[in-house]
Amino acid sequence: MSKQKVRVRFAPSPTGPLHIGGVRTALYNYLFTKKLGGDMLLRIEDTDQTRYVPGAEDYIIESLKWCGIAYNEGVGVGGPHAPYRQSERKSIYRQYIQHLIENNNAYYAFDTPQHLDEIRKQHESQKKTFQYDQTNRLQFCNSLVITAAETKARLESDTPYVVRIKIPQNEEIFVNDLIRGQVRVNSSQLDDKVIFKSDGLPTYHLANVVDDYLMEISHVIRGEEWLPSAPLHVLLYRYLGWEDAMPQFAHLPLLLKPEGNGKLSKRDGDRLGFPVFPLQWTDPNTNEISSGYKESGYLADAFINMLAFLGWNPGTEQEIFSMEQLIEAFSLERVGRSGSKFDPEKAKWFNHKYVQQMNNEILAQLVTPELALKVIHPDNRLLLTIVGLVKNRMTFVHEFWNQASFFFYAPNNYDSKAVKERWNAESAYTMKTVSTVIQTTQPFTAQDAKARVMHHIAQQQLNTGQVMNALRLLIVGASKGPDLFEIIQIIGKEETLQRIKKGITVLG
RNA sequence: GGUCCGUUCGUCUAGUCGGUUAGGACGCCAGGUUUUCAUCCUGGAAAUCAGGGGUUCGAGUCCCCUACGGACUGCCA
């Protein structure tokens, strides 16, 4: 191992929002490099102008920011290897293409897309797959076939062309993958991939290799979908004379759909019943909205924690990890090799855990905007108390109102199931007597009220459960909520008496 | 079809050098705690380690084959 500084990159293509698989790739890159004290850069791979989606780049940046994945170089922050947008690096790639051609490792090809399409269709109809490769490259229109003069003439007359890599015959190519070990492929299986398009931009393969080299990337950590083209990349490093500086590869297992099979994709949107994007996304063409984890109520830390465990584990039984702890514990050796199906239930559990461990001050702050919308501006100490009382019933912050509305408003209706189970013929009378007891409670605290009511129950030989359940029904409107006397203390004596009175009237 | 990658409870996974009652978590079920709901606690069901062959005294762990799944197979990334 060289002493080269660890440098990784996250290199998405701005063709839409980043889905959770992409976020996980970014996360693993981040954890890996931070653990080793390295850098991480964000490079935007926008060499396909036809698939460019406005807003996607900003979305990617915003998502990483929300997740706390702080890259220290690249689009948005700049750095010594700028520009970091491949479309802005157009002029850089030319010389490398030239180098490949001059060394007979690449060639000009003038075949029209239409022609190739036709051939592809023909093969398809015969249930074969067409591949432009060493077996047939001499049957096409390229600089290996036509004369140098003819090639020159075509280039000078602006005839559209692409550049293809000239894959060697029968060579064993080895890819050393940090997760999968050594992968061996015979070059005869590979096709002469287009590395430079007729629009003047390189394709992913070339741009990726050139930029990774120029940006001094030490480790390429990317999705498994790139494994099949990794041998091609190895070849490019070799032909460009960069084999010694070739980064180490790690191909991450894919994130699969929870139902059935197949890899999770952007297209899945909300179809699966859970968000596949970190942030909400509005399609600029259709205006279709896809939900995001953030907007669905997930805490960034919980989201990250959950994502980290999809394909990686620390080898201990600890499951709750802060970003700092993840960095400390992370290693590529502990990343699994098989794809994982995403489990929305487990995601909820993580969020629940994070809500539970969140301190009341922060939770109170998070809940304040929603209350403000309802024109409720509780005293801070009071809100802190309420938050503390209902916290363990919440998986999401937005569930607060559902769990705590009765602290602010008397119930408008009574849960029918609760009425059926908790209210009977004697309830009205019993509640009247309880009301009297509460009326005379002084001072009015949870403890005093409880003592008085319990004393009353004992004295009258009433059933504690029945009394308490009926009383809760009148105060809360349902069979839920924290300690009833805590609620009573918070809403106060007058409000308590009114709710009892109203409840008796309504329920009879 | 071809190439490559993968396969331990329903799901996420532990299992790194072959000897475990195959462990944990989510979810599920039951019991306990509580005046309710939730939390929490305890317990339970749940993997013949994809299947079949080897190697070995002994294999989830090593080897081979098969099956199944996935990715890739574009002038997309």
Side-chain angles (χ1 to χ4, degrees), chain A residues 11-15 45-48 50-51 109 111-113 116-117 120 123 126-132 160-164 175 177 179-180 183-186 188-191 193-199 201-205 207-208 222-231 251 253-254 256 258 261-263 306 309-319 333-334 336-350 352 356 390-395 403 418 421-422 450 453-454 457 463-473 476 478-485:
Chain A
S13 154
T15 56
E45 311 228 324
D46 55 352
T47 52
D48 184 0
T50 63
R51 290 212 307 156
D111 316 276
T112 65
L116 294 175
D117 267 0
R120 223 167 249 120
H123 280 253
Q126 293 168 44
K127 295 213 160 185
K128 285 182 186 167
T129 307
F130 168 67
Q131 192 168 284
Y132 198 122
Y161 70 93
V162 300
V163 176
R164 288 181 180 271
V175 179
D177 188 279
I179 291 171
R180 275 147 235 285
V183 177
R184 186 175 68 163
V185 179
N186 188 292
S188 298
Q189 307 292 341
L190 271 32
D191 65 327
K193 276 258 169 344
V194 170
I195 53 178
F196 190 79
K197 301 179 287 174
S198 58
D199 65 0
L201 281 165
T203 59
Y204 171 87
H205 307 290
N208 196 259
R222 82 236 285 198
E224 197 187 357
E225 67 267 30
W226 293 109
L227 194 51
S229 52
H251 290 93
L254 266 15
L256 277 12
N261 280 308
K263 82 169 173 172
M306 174 274 290
F309 269 72
L310 243 38
W312 170 86
N313 77 84
T316 65
E317 288 182 0
Q318 185 184 344
E319 288 201 271
E333 290 96 77
R334 297 209 62 88
R337 280 145 303 165
S338 52
S340 25
K341 289 181 187 170
F342 177 72
D343 181 6
E345 287 305 319
K346 187 103 185 201
K348 283 182 193 162
W349 176 79
F350 271 109
H352 180 254
Q356 298 322 302
V390 303
K391 185 160 78 169
N392 64 17
R393 276 146 243 270
M394 298 161 56
T395 292
Q403 293 299 335
E421 289 170 0
R422 317 286 194 203
K450 181 173 184 174
V453 172
M454 287 308 169
I457 287 170
N463 178 302
T464 309
Q466 266 173 30
V467 174
M468 293 304 296
N469 285 326
L471 184 57
R472 175 177 294 276
L473 183 58
V476 173
S479 291
K480 66 173 187 189
D483 185 279
L484 190 52
F485 294 104

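In the text below, chain A, chain B and the rest are named by the order of the sequence lines, each starting its count at 1.
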Quick check for you: among [options], whose closest atom lies nearest to any side-chain atom of [X]?
X: A/L227; options: B/A38, B/C4, B/G24; value: B/C4
X: A/N469; options: B/U36, B/G74, B/G2; value: B/U36
X: A/E225; options: B/G6, B/C72, B/G27; value: B/C72
X: A/M468; options: B/G6, B/U39, B/U35; value: B/U35
X: A/K341; options: B/U73, B/G6, B/U11; value: B/U11
X: A/T203; options: B/C4, B/C75, B/A38; value: B/C75
X: A/F485; options: B/C26, B/C12, B/U35; value: B/U35
X: A/E45; options: B/U11, B/A77, B/U35; value: B/A77
X: A/D343; options: B/U39, B/C72, B/U11; value: B/U11

Less than 4.5 Å apart, side chain to side chain, heavy atoms only: is that true for [X] and [Y]?
X: A/F342; Y: A/L310; answer: yes
X: A/M468; Y: A/L484; answer: yes
X: A/H123; Y: A/T129; answer: no
X: A/W312; Y: A/P314; answer: yes
X: A/S479; Y: A/L473; answer: no

Please report the distance separating the [atom1] of [N] from the corresponding atom of [M], rounded so that it comes out in whole Å.
N: B/U48; M: B/U11; atom1: P; value: 12 Å
N: B/C37; M: B/G60; atom1: P; value: 46 Å
N: B/C28; M: B/C65; atom1: P; value: 43 Å
N: B/C62; M: B/U3; atom1: C1'; value: 26 Å
N: B/C64; M: B/G6; atom1: P; value: 13 Å
N: B/G23; M: B/C9; atom1: C1'; value: 12 Å
N: B/U7; M: B/G52; atom1: C1'; value: 15 Å
N: B/U16; M: B/U55; atom1: P; value: 24 Å

### Task
Return the 5'-most residue of the pair A/E319, A/F130 with respect to RNA chain B, ranking by each residue's nearest nucleotide.
A/E319
#### Entry: Residue closer to the 5' end of RNA chain B, A/K480 versus A/R337 (nearest nucleotide)
A/R337
Name the nucleic acid region contacted by [X], choosing base, sugar-phosphate or nothing; use a 4.0 angstrom heavy-atom cut-off, strictly under.
X: A/S340; result: sugar-phosphate
X: A/G481; result: base
X: A/L484; result: base
X: A/D111; result: base
X: A/R51; result: base
X: A/Y204; result: base
X: A/V162; result: base
X: A/D177; result: nothing
X: A/R334; result: sugar-phosphate
X: A/P231; result: nothing
X: A/R472; result: base
X: A/S13; result: sugar-phosphate
X: A/G311; result: sugar-phosphate

### Side-chain-base donor-acceptor pair under 3.5 Å for A/T129 and B/G1
yes
### Heavy-atom donor-acceptor pair, A/S479 side-chain to B/C37 base, under 3.5 Å
no
Nearest-Å distance, [atom1] ([X]) to [atom2] ([N])?
X: A/F350; N: B/C26; atom1: CZ; atom2: C1'; result: 9 Å
X: A/E421; N: B/C37; atom1: CD; atom2: C1'; result: 12 Å
X: A/F342; N: B/G10; atom1: CZ; atom2: C1'; result: 16 Å
X: A/F196; N: B/C75; atom1: CZ; atom2: P; result: 15 Å
X: A/R422; N: B/C37; atom1: CZ; atom2: P; result: 6 Å
X: A/Y132; N: B/U73; atom1: OH; atom2: P; result: 18 Å
X: A/W226; N: B/U3; atom1: CH2; atom2: C1'; result: 17 Å
X: A/R393; N: B/C37; atom1: CZ; atom2: P; result: 10 Å

### Query
Any side-chain donor-acceptor pair under 3.5 Å between A/R180 and A/H251?
no
### Task
Using the side-chain contact (heavy atoms from CB on, under 4.5 Å) rule, take A/L116 and A/F130 through it: C-alpha gap first, then chi angles, then the decisive distance, then the call.
CA-CA 9 Å; A/L116 294 175; A/F130 168 67; 4.3 Å; yes
Could you please name the partner base of [N], counting Watson-Crick and G-U wobble pairs only when both distances are under 3.5 Å?
N: B/A30; value: B/U42
N: B/U3; value: B/A71
N: B/C17; value: none
N: B/G60; value: none
N: B/A22; value: none

### Query
Can you list the steps and then say if A/T395 with A/W349 is a side-chain contact (heavy atoms from CB on, under 4.5 Å)?
CA-CA 7 Å; A/T395 292; A/W349 176 79; over 6 Å; no
[X] side-chain N/O to [N] phosphate OP1/OP2 under 4.0 Å:
X: A/N313; N: B/U13; result: no
X: A/K263; N: B/C72; result: yes
X: A/K197; N: B/C76; result: yes
X: A/T47; N: B/A77; result: yes
X: A/R184; N: B/C4; result: no

### Query
Side chain of A/K341, backbone of A/L256: donor and acceptor closer than 3.5 Å?
no
#### Entry: SB check A/E224 A/K263 (cutoff 4.0 Å)
no
